[in-house]
There are 2 protein chains.
Amino acid sequence: MLPNYPGVSPLVTRRLPRYYRHLTELMKSGTERISSREFADMIGFTASQIRQDLNCFGGFGQQGYGYNVATLRAEIGRILSVDKSHPAIILGAGHLGVALANNMGFEQCGFRLAGIFDVNPAIVDQTIKGCVVRHTSELSAFCAEFHPQVCVLCTPPAVVPELVKNLVSYGVKSFWNFSQCDISTFYPNEIVVEDVQLSDSLMNLSFHLNEKLGGH
Amino acid sequence: MLPNYPGVSPLVTRRLPRYYRHLTELMKSGTERISSREFADMIGFTASQIRQDLNCFGGFGQQGYGYNVATLRAEIGRILSVDKSHPAIILGAGHLGVALANNMGFEQCGFRLAGIFDVNPAIVDQTIKGCVVRHTSELSAFCAEFHPQVCVLCTPPAVVPELVKNLVSYGVKSFWNFSQCDISTFYPNEIVVEDVQLSDSLMNLSFHLNEKLGGH
DNA sequence: GTCCATCTGTTAAATAACGAACAATTGTTG
DNA sequence: CAACAATTGTTCGTTATTTAACAGATGGAC
């Protein structure tokens with residue numbers, strides 16, 4: 001039975017990967033220990049917030065000493081379950097799907113790329129990152145055999161609702177959603193959805209840039 | 001002088017693109033008016049929050065009627081400044097850079113793709129989305145001539161600090177950061193940074209998936 | 001070994017965000 | 001034209017989040 005953290009706010013857990021990333025950097029640079037103050041200056045948070053965030057999961061530090069970088073990194077990694085290797089599939093082998101297959105370290109994030117699917121015959125049978133691209137029609141059989149836990153959605157939004165419906169029936173539990181389609185409202189409480197709405201992000205940048213330009 | 005919204009929380013402004021996206025869909029489907037209640041059901045928020053968010057910027061609705069879809073969409077578009085056309089450049093023409101060049105509607109988000117840069121001679125001089133890929137050494141001259149406002153960072157993290165330093169000196173004001181390098185702490189108050197940390201996002205999914213798997 | 005500076009874990013205060021409630025206003029119906 | 005249903009803008013109480021403060025504990029210097 002895996003640990004569960006029911007009382008912890010999503011804002012806290014969303015900061016954990018950032019802690020993890022900086023701790024990895026610190027370890028690479030040979031730093032053995034760090035205080036919440038130093039860590040806060042490095043990240044741009046307050047020391048108080050860091051201590052409180054970490055204490056949601058346990059007392060990883062030592063009074064008068066600080067935090068051991070390697071230990072803390074391992075603990076956060078365990079909380080995030082990045083040591084797991086859940087099979088993941090990518091749907092849509094366009095530029096974005098290929099970019100993610102090649103650049104994302106799925107293995108460092110708790111997953112393992114198990115398959116890539118597309119409907120374009122020109123792409124099917126090509127090999128990307130060690131995976132042969134399969135036709136989407138093989139999805140059902142593939143899921144029955146390999147039970148992927150995660151689906152990375154890189155398809156046009158129009159086909160997403162039907163796809164998700166099928167995938168849920170095939171037992172896929174979670175989605176990394178790059179399609180401009182809000183699937184989080186489809187099956188609440190049944191699936192886990194992590195949205196990456198790039199256009200939302202770009203519009204947010206537009207807002208803040210124009211605010212800056214107009215604000216002097 | 002552009003409008004400025006000093007008192008508005010970043011959480012509110014971050015929801016605006018989502019409103020905008022759904023309003024675009026509604027307009028496409030021919031819906032003329034919508035109430036905060038219907039809109040809330042559609043998005044998955046509360047009606048109260050939507051009304052309160054919108055009222056940070058003005059009374060766009062009408063009592064007893066609701067909101068006019070086209071008008072509200074236009075107002076939010078104006079607030080987000082998506083009608084602008086600030087020149088943007090992409091640094092790093094790997095899979096991700098190319099994916100963004102091809103798939104992101106920069107024009108619909110207030111920007112215009114003005115240039116793509118890379119250090120790889122095999123890529124330089126190729127044409128992507130109407131842009132000839134230039135060598136990064138031409139960056140200085142390009143910025144002096146075309147004054148790009150935004151830089152999309154798709155390079156390895158190691159080269160980012162030096163790149164950002166140069167770009168800031170060339171007058172680039174904002175960054176859409178896909179590199180695994182926290183640049184927000186480098187020049188606070190001087191530049192606008194929108195981070196897209198894909199590995200953070202994937203780790204967050206890992207956390208929630210494992211929480212779900214372990215929690216029954 | 002003792003003192004002091006350091007730093008965490010934890011509690012408390014302050015701040016921010018959210019959801020519910022309601023008065024005011026509008027369109028609609030008969 | 002009057003009554004009613006619908007819906008916003010806004011206020012208020014509640015909850016959540018963040019920051020500050022402090023007691024307790026540790027390591028290091030001398």
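A, B, ... follow the sequence lines: proteins, then strands. Residue 1 opens every chain. These figures come from a predicted structure and were not determined experimentally.
- In this entry the distance linking CZ of F57(A) with C1' of dG9(C) reads 16 Å, nearest Å.
- Between the P atom of dT8(C) and the CG atom of D53(A) lies a distance of 14 Å, rounded to the nearest Å.
- Under the 3.5 Å distance criterion, with hydrogens and angles disregarded, no donor-acceptor pair is assigned to the side chains of Q149(A) and S174(A).
- Side-chain atoms of Q52(B) and base atoms of dG9(D) include no donor and acceptor less than 3.5 Å apart.
- Aromatic rings from F142(A) and Y170(A) are positioned such that their centres are separated by 6.0 Å or more.
- In this structure, Y65(B) does not reach the dA24(C) phosphate: none of its side-chain N or O atoms is under 4.0 Å from OP1 or OP2.
- Atoms CZ (R51(B)) and P (dG19(C)) sit 12 Å apart, rounded to a whole Å.
- As judged by a 4.0 angstrom heavy-atom cut-off over every strand, T46(B) is placed among residues touching the sugar-phosphate backbone only.
- Interface residues of residues 7-44 of chain B facing DNA chain C, ordered by number: S9(B), L11(B), R15(B); criterion, heavy-atom separation under 4.0 Å.
- Summarising the geometry, the separation between CD on E75(A) and P on dG9(C) is reported as 12 Å, rounded to the nearest angstrom.
- L72(B) places its CG atom 13 Å from the C1' atom of dT8(D), with the value rounded to the nearest Å.
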Verdict with supporting geometry, M42(B) and E25(B), side-chain contact (heavy atoms from CB on, under 4.5 Å): CA-CA 11 Å; M42(B) 183 179 181; E25(B) 275 179 33; 4.3 Å; yes

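- For the pair N177(B) (side chain) and C181(B) (backbone), a donor-acceptor distance under 3.5 Å is present.
- Each of F45(A) and Q62(A) was assigned the nucleotide of DNA chain D with the nearest heavy atom; the assignment lying further toward the 5' end belongs to F45(A).
- For Q63(A) against dT26(D), no side-chain N or O and base N or O form a donor-acceptor pair under 3.5 Å.
- Residue N55(A) places no side-chain N or O under 4.0 Å from the OP1 or OP2 atom of dT8(C).
- Ring centers of F45(A) and F39(A): at least 6.0 Å apart, outside the cut-off.
- Using a cutoff of 4.0 Å between basic side-chain nitrogens and carboxylate oxygens, D200(A) and R21(B) are scored as salt-bridged.
- Atom CG in N68(B) sits about 13 Å away from atom P in dT8(D), given to the nearest Å.
- With the nearest nucleotide of DNA chain D identified for both Q49(A) and G66(B), G66(B) has the one nearer the 5' end.
- Here dT10(C) presents its P atom at 12 Å from CZ of F60(A), a figure rounded to the nearest Å.
- A salt bridge links E194(B) with R14(B): the closest approach of a Lys/Arg side-chain nitrogen to an acidic carboxylate oxygen falls below 4.0 angstrom.
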